[in-house]
Amino acid sequence: MSTSAEAAHEHWPPQSFEDLIGTTRFDVHERAHITVDDTVCRGCPSRECIVACPAKLFVPTSDGGILFNYEQCFECGTCYLVCNREGAITWSYPEGGHGVVFKRS
Amino acid sequence: MPDPDVDVVVVGAGPAGAAAATVLARAGHSVILLERGPFAGSKNMYGGVVYPRILDQLHPQWWEDAPVQRWITRRSTMVLTDDQALTVDFRSERWGRPPFNGATAYRPDWDHWLAAKAQADGATLVCSTTATGLLREGGQVVGVTTDRPDGDLRAHVVIACDGVNSFLAKEAGMYGEVDAANYTVGVKETIALPKDVIDARFGVRGREGQDIEILGGTGGVNGGAFVYTNLDTLAVGCVLKLPKLSAQALRPEEIIDGLKRHPAIRPLVEDGEVKEYSAHVIPEAGLSMMPQMTGDGMLVAGDAAAMCLAAGIWLEGVNFAMASGMYAGEAAVEALAAGDASAAGLAGYERRLRDTFVLRDHRKLRRAPELVLSDRVQHLYPEMIANTVERMFRVDNPAPKPGLRRIFSDERRRAGVTLRDLARDALDGLRSFG
Ligand SMILES: Cc1cc2nc3c(=O)[nH]c(=O)nc-3n(C[C@H](O)[C@H](O)[C@H](O)COP(=O)(O)OP(=O)(O)OC[C@H]3O[C@@H](n4cnc5c(N)ncnc54)[C@H](O)[C@@H]3O)c2cc1C
Ligand code: SF4
Ligand code: SF4
């Protein structure tokens, strides 16, 4: 790549994922609306949730499990659609009035 | 059966639900419009362009108070490879004045506006309340349960406008096996830039705006991308086919980042500040995935019935939702008048869908979603087309100009596209779009 392109690159640094999702508002409820049964995930060959969840909420652990946190969730449904292991994901909407709140989408 | 609390419960205050509630309230029926978000529109995101023509019937002169960002007067279709771009750009001044064509709008604004109209007509909007299931007696749906204390709501008819995941339609057994291959996930960044910068970069003024639909630019994942102009923000995002996405090991936000760095897109979005990141699932497969839409005491409308039209150069869901909601409302009015809320009494719904653009467009474009998301259209044709155009305009002196037919057949072979496949796709395309 040319040096001018590299210089331009510096004016526009990549954004960390935390900053990106930090732009969206979430009114978190204390009840987890989605839970993941890590024991079902162990040995899952595809682990599709890790790549597909747009909120990056499925984090692989070194011992083959999944660490999941429901708080910054778009309630989109991608995870239960791509997961094909019965019982791994228990999915519901958050309590009325809670969860993601879009303003300019 | 105990007396119902209301004539009709409409679940979901998106465009489908608000339209249904408006029709019912105007006919003098008691109707509750349930919404799980703190206000109508708070849970909803989309790419960003609505085509509100159908509102001429429900809210004449709707443009006078609709919360529009910009009127689309410039519509572009772009094919991207890693370092090339081919754009077909259409402009029309006419689309910038009444009765208008398409407009960018934020869904939290649009849906809130449409639900407020239903309220003004007499519907009761209840927010921050999630419908958690159906109440049934025998085979008949007689209401919904909610997450409010003592929250059961009984009604003669339930209209499920609860969006793409529609747990109500699933609970009613209206969907068969759910297949991830029928869905795409859309992710987008709302990126702020001063209005005059947007005007200059996109060549528009005042309330004019541009809509760019993109084939390619999705990092090798089957799908599509878009850039839309709001007043002082851009909507930049992509739509990704679910099973392909997980196979590619590229995350959605990385794909948007790649799109923003493409040499054809970067000059448009550079230096903008992300104001909101959002995601939502789209029912992509149209007719082939539609559920049963009528049951005893129940209708399903909008994305809940997979009515979004996702056919490549068209991504229209809001208009299909508003129309199907309106027709569901009309059918429920008929059923209530006849005192028959069974599936037979509600049959006017599907008749209306079949007789109007809702199912006609879907039938006409039934092959389109699969064609547009096919591997050839996604991975082979963009390079073939871009390379053909590049060679057409490249000056190779002292070599003479090659004929277009020769270039195209070279590029077709280079891309590994057989004549047979090309002919078949062209025919499919003609049948769908022609
Ligand atoms: C990335 C993306 C880009 C798109 N681009 C466009 C575009 O440019 N133009 C266009 O026309 N369409 C577009 N669409 C499609 C369009 O957004 C949908 O087709 C449309 O929103 C469908 O409207 P609806 O009323 O059926 O459902 P929704 O808009 O999804 O509304 C459903 C409502 O129901 C509520 N709800 C759900 N479950 C419950 C429950 N159990 N209890 C109470 N409330 C509930 C939700 O909170 C929501 O308000 C796009 C979609 C996506 C995801
Ligand atoms: S959630 Fe599903 S896809 Fe993800 S690791 Fe567990 S079983 Fe696999
Ligand atoms: S619903 Fe969407 S955002 Fe939430 S965990 Fe699942 S995939 Fe991630």
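Since we're looking at a predicted model, the values are computed, not measured.
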(Q) If you count heavy-atom pairs within less than 4.5 Å of chain A, which of B/P243, B/G48, B/S128, B/G41 leads? (A) B/S128

Q | Closest-packed option against chain A by number of heavy-atom pairs under 4.5 Å, given B/R148, B/K43, B/H280 | A | B/K43

**Q.** Most contacts with chain A, counted as non-hydrogen pairs under 4.5 angstrom, among B/L34, B/L250, B/N44
**A.** B/N44

**Q.** Shortest non-hydrogen separation from B/A160 to B/L168 and the atoms involved
**A.** CB-CB, 4.2 Å

Q: Tell me yes or no: between the side chains of A/Y80 and B/N165, is some donor less than 3.5 Å from an acceptor?
A: yes

Q.
Are B/Y46 and B/W110, when compared by the centres of their aromatic rings, separated by less than 6.0 Å?
A. no

**Q.** chain A contact via B/D111 - side chain, backbone, both or neither, heavy atoms under 4.5 Å
**A.** neither

Q.
Out of B/V178, B/T130, B/N230, B/V185, return the one with the most heavy atom pairs under 4.5 angstrom to chain A.
A. B/T130

(Q) Show, in sequence, the C-alpha distance, side-chain angles and deciding distance for A/S105 and B/R107, and conclude whether the side chain to side chain donor-acceptor pair (under 3.5 Å) test is met. (A) CA-CA 6 Å; A/S105 286; B/R107 290 292 299 282; over 6 Å; no

Q: Side chain from CB out, backbone as N, CA, C, O: work out which of these in B/V187 comes under 4.5 Å of a heavy atom of chain A, or both, or neither.
A: side chain

Q) chain A heavy atoms under 4.5 Å from B/K275: which part of the residue, side chain, backbone, both or neither? A) both

Q.
So for B/V281, is it side chain, backbone, both, or neither that comes closer than 4.5 Å to the heavy atoms of chain A?
A. both

Q.
With a 6.0 Å cut-off on the ring centroids, do B/Y228 and B/F226 count as close?
A. yes

Q. Side chains of B/T129 and B/T146: do they bring a donor and an acceptor to under 3.5 Å?
A. no

Q: Select one option (side chain, backbone, both, neither) describing which atoms of B/E189 are under 4.5 Å from chain A's heavy atoms.
A: side chain

(Q) Counting heavy-atom pairs under 4.5 Å with chain B, which one of A/D19, A/T78, A/L20 comes out on top? (A) A/L20

Q. Relative to chain A, which segment of B/A279 carries a heavy atom at a distance below 4.5 Å: side chain, backbone, both, or neither?
A. both

Q: Consider only side-chain N and O atoms of B/E276 and A/T23, and report whether a donor and an acceptor are under 3.5 Å apart.
A: no

Q | Option that, when pairs with chain A are counted at under 4.5 Å, heavy atom only, ranks first among B/R36, B/H112, B/M45 | A | B/R36

(Q) Would B/Y106 and B/T233 count as a side chain to side chain donor-acceptor pair (under 3.5 Å) here? Give the steps. (A) CA-CA 11 Å; B/Y106 296 135; B/T233 66; 2.6 Å; yes

